[in-house]
Structures are given as C-alpha cells and as structure tokens.
Amino acid sequence: MKIRTMKLLIKEGTNNVIKNKLMSFASIMTVVATLFFLGIILLIAINITSNIEAMKRDLEITVFLNVNATNYQREEVVSFIEAKKEAGVITEYRNETKEQMYQNIKESLNDDSLLEGFSVDNAAESFYIKLADPNNSDEIITEISRFEGVNNNNGIGYGKEELDKLEGILKVFNYIVMAVLVVLMIVSIFLISNTIRLTVFARRHQIEIMKYVGALDSFIRWPFIVEGLLIGFIGAALSFFITSQAYQWLQGVINAILANLKLSTLRIMEFGPVAFRIFIIYSIFGIVIGGIGSLLSVRKHLNV
Amino acid sequence: MIRFVDATKVYSNGVIGLRNLTVRIEKGEFVFIIGASGSGKSTFLKLIMHEEVPTEGEVYVNGYSVHDMVQSEVPYLRRSLGVVFQDFRLLPNRTAYDNVAFAMQIVEATAREIRRQVPLALGLVGLSKKARAYPDQLSGGEQQRIVLARALVNNPAVLIADEPTGNLDPKTSIEIMNLLEEINQRGTTVVVATHEKSIVDTMKKRVITLERGELKSDVQKGSYFDEN
C-alpha cells in the first residue's frame with residue numbers, strides 16, 4: 001500500500017471516530033473501564049509480589065545447636081557459615097550464645113519462679129542466617145543439618161513455607177483475575193465491534209460506491225480498522241492517566257497507614273518505575289481489543 | 001470486449017435472471033439493453049460487473065472470466081468499467097470535485113494525476129464551474145453528469161449505465177444521452193440499460209432486447225419496437 005493511501009485511510013478512520021461521537025465515547029469508556037480494572041489488579045499483584053520478595057530477603061534461617069554440643073562441633077558450624085558468607089551465599093548472620101538465650105528467656109518470662117530447673121546449661125546456642133537468594137534455603141538447610149552439633153529435632157527453622165503458601169494463593173488469585181479480565185475484554189470487543197458496525201451501516205452507500213469503482217478490500221476495510229485501533233488506543237491512554245492518578249493517591253494514603261502501624265517492611269511501590277511497563281501493557285491491550293472489535297464487525301458486515 | 005456464452009443465471013430464490021444468453025459486444029460499440037421489468041436487463045449488467053456470477057455458461061469482460069474469478073481480481077475488473085446508476089449514488093458530504101477525485105483515490109492515483117484528471121473529466125461533462133458544489137446544490141441532470149465524470153475519470157474501457165435517465169426530465173435525458181454518445185465516440189464502449197423508447201428510437205444504435213431472461217432480438221440501428 002502506498003503512503004498517500006495509508007494517510008488517506010488513517011484520516012478516514014479518524015474522521016469516523018469524530019463523526020460517531022456518542023458511540024465512540026461509549027466504546028472508549030468501556031476500554032477505559034476494562035484497562036483500569038486490569039491495571040488495578042496488575043498493580044496489586046506487583047505490590048504483593050514485591051512485598052513477598054522483600055519479606056523473603058528478610059527471612060532468617062534459625063539454627064539451634066544441641067544443648068551438649070562440643071566446642072569443636074560449634075566451630076564446625078561457624079566455619080561453614082563463614083565460608084558461605086565468604087562465597088556470598090550468606091549475607092549476614094548473628095549468633096546467640098547460651099547465656100544470651102538464658103537472659104532473653106528470663107527477661108521475656110519476667111518471673112524467676114518459672115525458670116526453676118532451667119539453667120544456662122540447659123540453654124542452646126543458636127545462629128540466625130540471612131541468605132542472598134532465598135531460593136538457596138533448601139540447599140543450605142540440608143548442608144547445615146549434616147553437622148553433628150546441630151539439633152535436627154526442630155532445631156532448624158525457616159518461614160519460607162508460609163511465604164510459598166502465600167504465593168500459591170496469589171497464583172489462584174491471578175487465575176480468577178484472568179477469568180474476569182477475559183470476560184471484560186469480550187464485553188469491550190463486543191461494544192467496539194458494535195460501534196464499528198454502526199459506522200459501516202452509516203457508510204454503506206459509500207462502501208457500495210467504492211466497490212463499484214474497484215476499491216481493493218483492504219482499502220475499504222482499513223478506515224474501520226483504524227477507527228477500532230484509535231478507540232482502543234485513546235481508551236488506553238485515558239485509562240493510564242486515571243490509573244496513575246488513582247494509584248499515586250492511594251499509595252500516599254496506604255503508605256501513611258502502614259507507617260502508622262509500624263509495618264516498615266510492607267510498603268506500596270512508587271508508580272514511576274512501573275509506569276512505562278503499565279503504559280505499554282495498556283496500549284497493547286487497548287489496540288488488541290480495538291483491532292479485534294473492528295475486524296469482527298468488518299468481516300461480518302462489510303462482506304467485500 | 002464483452003461476451004456472454006450460453007449464460008444462465010438462476011437466483012437462489014428460484015427466479016430466473018437470464019436463460020442461455022449468448023451475445024457479443026465489441027470494443028467501441030454503443031449498445032442499448034431493453035426489455036420490461038424482470039426481462040433480465042439488470043441481471044445482464046450485474047453479471048458484467050461481477051455483482052452476480054452466472055449459474056451456468058461463461059461471461060467474459062475486458063479479458064476477465066467473470067464466471068470463474070477469484071474474489072481478489074474483482075476490483076481490477078471493476079476498474080476497467082465505469083458505472084452509472086439511475087439514482088446517481090454520489091457522496092452527499094463531498095463536493096462534485098471530491099466525488100470525482102474519490103474514484104481516483106480509490107485506485108491509488110497520485111495527487112498530481114488527480115489534479116490533472118478531475119478537471120478534465122468535469123470539463124468533459126460540462127460542469128467545470130460547479131466543481132465546488134455539493135450534490136444537493138445540483139440539479140438531477142448535473143448530478144448525473146458528475147456521476148458520468150466519476151465513471152470516466154479512470155479511463156475505463158467500458159461504461160455501463162443502468163437506467164441513467166430514469167430520474168431525469170426528457171430534455172436533460174437527451175443531454176445525458178448526447179454526452180454518452182460523445183464518450184462513445186472517444187473510444188469507450190457504452191452499454192445502456194433503459195426502457196425509454198423515445199431515446200432508443202432517436203439514437204439509432206444497436207439494441208439488444210431481452211424478454212423473460214432470453215434474447216428476443218439483437219438489431220443494429222434498432223428501435224424500441226423492432227421485432228426482427
């Protein structure tokens with residue numbers, strides 16, 4: 001197709017959107033609503049994922065030594081941890097001696113009578129290990145549990161399973177969202193295809209004349225497709241604007257609440273870093289919805 | 001140029017449009033197709049334009065086999081034809097000039113070609129001065145001239161007119177017919193379906209008469225009531 005023809009067809013399609021104000025507006029609004037919903041869900045998912053990641057980074061592996069662990073056995077564990085730290089697998093660790101544990105328990109119980117029969121000798125030394133990559137946890141836990149000094153009866157603790165469960169729930173949530181989204185997209189496509197159908201009907205005489213003069217099918221179809229794409233894209237841009245405003249407002253509100261609750265780990269992400277990605281996703285969705293909507297209508301009603 | 005070989009058209013509802021029609025129209029001819037309503041005039045034109053395809057037999061137009069044609073070729077067949085309708089079919093929201101230019105945009109002519117050809121076509125039909133008028137500002141005869149200009153602007157080999165004077169008064173009808181004759185004299189084959197006997201009688205052209213879908217007569221320099 002020649003460039004001047006392309007220009008002409010794009011102009012025709014744009015004019016259709018303007019001439020068909022009311023239906024174009026209605027279609028644009030359904031696209032806005034669909035994408036707004038998509039965006040909110042997407043942003044919720046992104047936030048949950050990033051917070052889970054942050055929590056994972058904060059997770060510690062707790063390793064208790066046996067009460068009667070020898071000094072040599074203790075050194076074995078320490079040197080293993082040190083080596084792993086050297087290798088960059090472990091970012092940091094801290095150590096709680098028997099005395100510290102005894103003191104901690106004593107303080108938290110706040111009643112010496114309950115400590116009867118419990119002495120420093122009965123307390124166990126422990127290590128709290130942070131990993132560079134939480135996915136390495138299984139490996140580290142297996143390796144560390146081989147040491148004789150380590151208490152293998154509930155002596156090793158790690159909260160990853162709980163987070164994995166949370167991620168599992170997130171996945172199910174994602175599937176449900178997908179299903180709702182598909183329904184919304186179908187509704188949008190239907191509405192756009194209806195708008196285009198009206199344009200096709202309004203211009204049936206022109207189409208007829210074009211056919212008699214020998215217009216190629218593509219020449220007749222393209223203005224309608226341009227119309228659909230344009231509706232999709234305008235809807236996407238508008239929806240992006242609304243989403244960004246709504247999100248930034250909500251971000252401020254929720255972060256303030258989280259700060260008040262002293263939940264420092266949990267926080268709502270900034271919009272800036274994901275803005276471009278969201279915009280691209282919106283545009284693609286908008287254009288696809290618009291394109292499919294008009295194609296359906298053109299195929300069904302143009303009959304050329 | 002146009003050749004029907006034993007062509008039959010039966011519509012899906014069982015109505016017979018044409019029955020075993022064999023006819024041949026040479027390049028440069030001026031032919032009237034006449035007959036009562038339902039005689040097959042419209043079907044004849046529709047087959048030429050590939051608006052319908054023959055149920056049986058063969059139809060050749062400008063080197064295209066209409067009876068056996070892939071859909072993607074149809075636009076090119078139609079570009080070799082100029083079509084004029086009884087009800088004009090102009091685009092109401094475009095000026096006379098733009099209506100004619102539209103036909104050239106569709107076949108992807110350059111802006112320069114359009115600027116050169118459209119005034120020529122408008123001049124040929126004698127409407128240079130009304131180029132900026134919209135269809136509803138023009139009389140019926142003037143509108144039909146615009147349609148003629150539109151049909152001619154791409155230099156088709158064949159001009160097809162379906163009742164071109166059906167909505168015009170007798171004086172204007174004669175003007176349009178004279179214009180068609182002029183176009184014919186410039187080398188374009190002209191095929192006119194009509195039921196206006198006065199026009200057919202005065203023009204003394206070849207007359208193909210159809211009746212109930214069959215060829216009733218085919219006379220050189222005929223008149224409406226020739227019964228050879």
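Any value given below was found using the heavy atoms of this structure, including those in side chains, with hydrogens, waters and symmetry copies removed. Per chain, numbering begins at 1; letters A, B, ... match sequence-line order.
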(request) Locate the shortest heavy-atom distance separating A:Val213 from B:Val107; write the atom from each residue and the value. (result) O-CG1, 4.2 Å

(request) Indicate the atoms forming the closest heavy-atom contact of A:Phe219 with B:Gln105, along with that distance. (result) CE1-O, 3.6 Å

(request) With a 4.5 Å cut-off on heavy-atom pairs, point out which of B:Arg89, B:Arg150, B:His50 contacts chain A the most. (result) B:Arg89

(message) Can you tell me which portion of B:Asn93 sits under 4.5 Å from chain A's heavy atoms? Options are side chain, backbone, both or neither.
(response) side chain

(request) Count the heavy atoms belonging to other residues, nucleotides or ligands that lie under 6.0 Å from CZ of A:Arg204, then report whether that count exceeds 12. (result) yes

Indicate every side-chain donor-acceptor pair of residues 111-134 of chain B with a distance under 3.5 Å to a residue at least two apart or in another chain.
unit_1: B:Glu113; atom_1: OE1; unit_2: B:Thr110; atom_2: N; d: 2.8
unit_1: B:Glu113; atom_1: OE1; unit_2: B:Thr110; atom_2: OG1; d: 3.4
unit_1: B:Lys130; atom_1: NZ; unit_2: B:Glu142; atom_2: OE2; d: 2.9

(message) Quick check on B:Lys27: does its NZ atom have over 12 non-hydrogen neighbours (other residues, nucleotides or ligands) under 6.0 Å away?
(response) no

(message) Strictly below 4.0 Å, N to O, side chains only: are B:Arg94 and A:Glu12 in salt-bridge contact?
(response) yes

(message) Is it the case that atom CZ in A:Phe190 sees more than 12 heavy atoms from other parts of the structure closer than 6.0 Å?
(response) no

(request) Taking B:Arg78 for its side chain and A:Lys211 for its backbone only, find out whether a donor-acceptor pair lies under 3.5 Å. (result) yes

(request) Report, as yes or no, whether the 6.0 Å neighbourhood of atom CZ on A:Phe25 holds more than 12 heavy atoms from other residues, nucleotides or ligands. (result) no

(message) Apply side chain to side chain contact (heavy atoms under 4.5 Å, CB included) to residues B:Arg79 and A:Leu216 and explain how you reach the verdict.
(response) CA-CA 10 Å; B:Arg79 286 174 191 195; A:Leu216 296 178; 3.4 Å; yes

(message) Rounded to the nearest 0.5 Å, what separates atom CD1 in A:Ile209 from atom CD1 in B:Ile106?
(response) 8.5 Å

(message) Heavy-atom cut-off 4.5 Å, strictly under: side chain, backbone, both or neither for B:Leu77 against chain A?
(response) neither

